[in-house]
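Have a look at the structure below before the remarks.
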Amino acid sequence: MRTLLLWMARNSWLKSRLPKMRFVRRAVRRFMPGEDVDAAFAAAAPLATAGQGIQFTRLGENLTSLEEADEVAAHYQAVLDRSATLPRPVEISIKPTQLGLDIDRAVCLRHLEALAKRAEEIGTWLWLDMEGSPYVEPTIALYEQLKANHRTVGIALQAYLRRTPADLRRLLPLEPGVRLVKGAYDEPAEIAYRHKSEVDGAFQSLALILAESARDSRTRCVLGTHDSGLVERIATFADAAGVPRDRLQVHMLFGIRVKELERLAAAGYPAYTLIAYGEHWYPWYMRRLAERPENVFFALRQLLP
Ligand code: FDA
């Protein structure tokens with residue numbers, strides 16, 4: 001089921017048709033407050049009032065023209081400007097291919113530099129999402145360049161990739177912000193763990209290394225997962241290693257395991273909700289379905305009156 005859904009995420013015929021279907025549009029609302037940024041700000045308000053940190057990501061990936069990348073960059077600049085007026089500005093999370101990485105790396109870096117500068121000025125963070133495996137090395141290289149000039153930038157690393165322990169070792173001397181995630185793409189067994197137990201084991205080991213770095217330096221340690229059992233195990237080990245709770249952050253996606261995130265926040269772990277919005281939600285939504293096949297039944301139920 002997971003492989004089929006991830007294939008559907010990449011299929012351009014389906015990509016042009018499924019998002020127009022009313023039941024699919026209804027189902028996506030569970031994970032996405034709306035297609036425009038106003039809907040994202042509206043959804044963020046009560047969460048921020050409750051003390052959570054907020055991150056925004058505008059959906060879209062693999063652009064085909066640099067004009068589109070310019071438009072995306074201008075959009076995020078406007079989000080940062082608007083968010084500067086809030087008591088706690090939102091953080092932004094971007095896929096490098098959304099800023100033209102496939103077309104012109106220099107343009108992508110220029111946009112990222114400008115956004116990182118603005119984020120730092122208003123006291124917030126810019127995050128680089130991690131995409132499929134061909135983008136891992138280019139994304140880490142972009143991150144290294146950004147981090148040389150800006151403190152408040154972070155990067156997602158995927159625990160399912162066999163290379164990630166080496167990537168983490170490479171980045172730790174920079175005192176990075178790292179959002180550890182399991183990984184959402186369909187990667188071959190030569191480069192990625194494919195069984196949940198292996199991915200969870202890799203996540204746990206990486207998280208402990210990251211947490212110890214956060215204990216001793218300005219490294220920002222983020223567990224980007226809804227897997228509360230895994231978070232509990234990591235929290236227990238981190239506690240034994242003397243990592244204060246406020247150095248271990250938990251970030252979840254909007255609409256998933258909301259109560260669990262509230263519980264972790266109440267227990268003293270900084271909690272963030274990542275809110276996605278935008279018109280180009282199809283591949284992103286299919287990856288959410290692939291993470292939990294029960295969501296497919298939820299989507300199909302929307303066919304019923
Ligand atoms: P797992 O899939 O094992 O799920 C644990 C439990 O959480 C499930 O049993 C279920 O209860 C619940 N759950 C998980 N997913 C759900 C869903 N879609 N619907 C309903 N319940 C669900 N990936 C990537 O490759 N690059 C990236 O940059 C990011 N960025 C990112 C940011 C943040 C804040 C999060 C939370 C996740 C990402 N991801 C990501 C996605 C990540 O790689 C992974 O695919 C998902 O988080 C699902 O894995 P879990 O860690 O939640 O565990």
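One is the number of the first residue; the rest follow in order along the sequence. Basis for what follows: all heavy atoms, side chains included, without hydrogens, waters or symmetry-related copies. Each ligand, and each atom within it, is numbered from 1 in the order the structure gives.
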Which protein N or O atoms sit under 3.5 Å from any N or O of ligand 1? Give atom names and distances.
from	atom 1	to	atom 2	distance (Å)
ligand 1	3 (O)	K182	NZ	2.7
ligand 1	3 (O)	K196	NZ	2.9
ligand 1	7 (O)	H226	O	3.4
ligand 1	18 (N)	R288	O	3.1
ligand 1	18 (N)	E291	OE1	3.1
ligand 1	18 (N)	N295	ND2	3.4
ligand 1	19 (N)	N295	ND2	2.8
ligand 1	25 (O)	Q158	NE2	2.9
ligand 1	25 (O)	A184	N	3.1
ligand 1	26 (N)	M130	O	2.8
ligand 1	28 (O)	M130	N	3.0
ligand 1	30 (N)	R179	NH1	3.4
ligand 1	43 (O)	G183	N	2.7
ligand 1	45 (O)	E291	OE2	2.6
ligand 1	51 (O)	T225	OG1	2.5
ligand 1	52 (O)	H226	N	3.0
ligand 1	52 (O)	H226	ND1	2.7
ligand 1	53 (O)	K182	NZ	3.1

Which residues pass the side-chain contact (heavy atoms from CB on, under 4.5 Å) test with P244, sequence neighbours left out?
R215, D246, R247
The criterion is side-chain contact (heavy atoms from CB on, under 4.5 Å); which residues satisfy it with L172, sequence neighbours excluded?
L168, P176, I209, L210, S213, T219
Quick one, Y277 with D38, criterion side chain to side chain donor-acceptor pair (under 3.5 Å). Give me CA distance, side-chain angles, the key distance, then yes/no.
CA-CA 9 Å; Y277 59 93; D38 290 337; over 6 Å; no
Assess R88 against Y272: is NZ or CZ under 6.0 Å from the centre of the six-membered ring, and within 45 degrees of the ring's axis?
yes
Contacts of E71 that satisfy salt bridge (Lys or Arg N to Asp or Glu O under 4.0 Å) - sequence neighbours left out
R58
Is any side-chain heavy atom of M130 closer than 4.5 Å to a side-chain heavy atom of I155?
yes
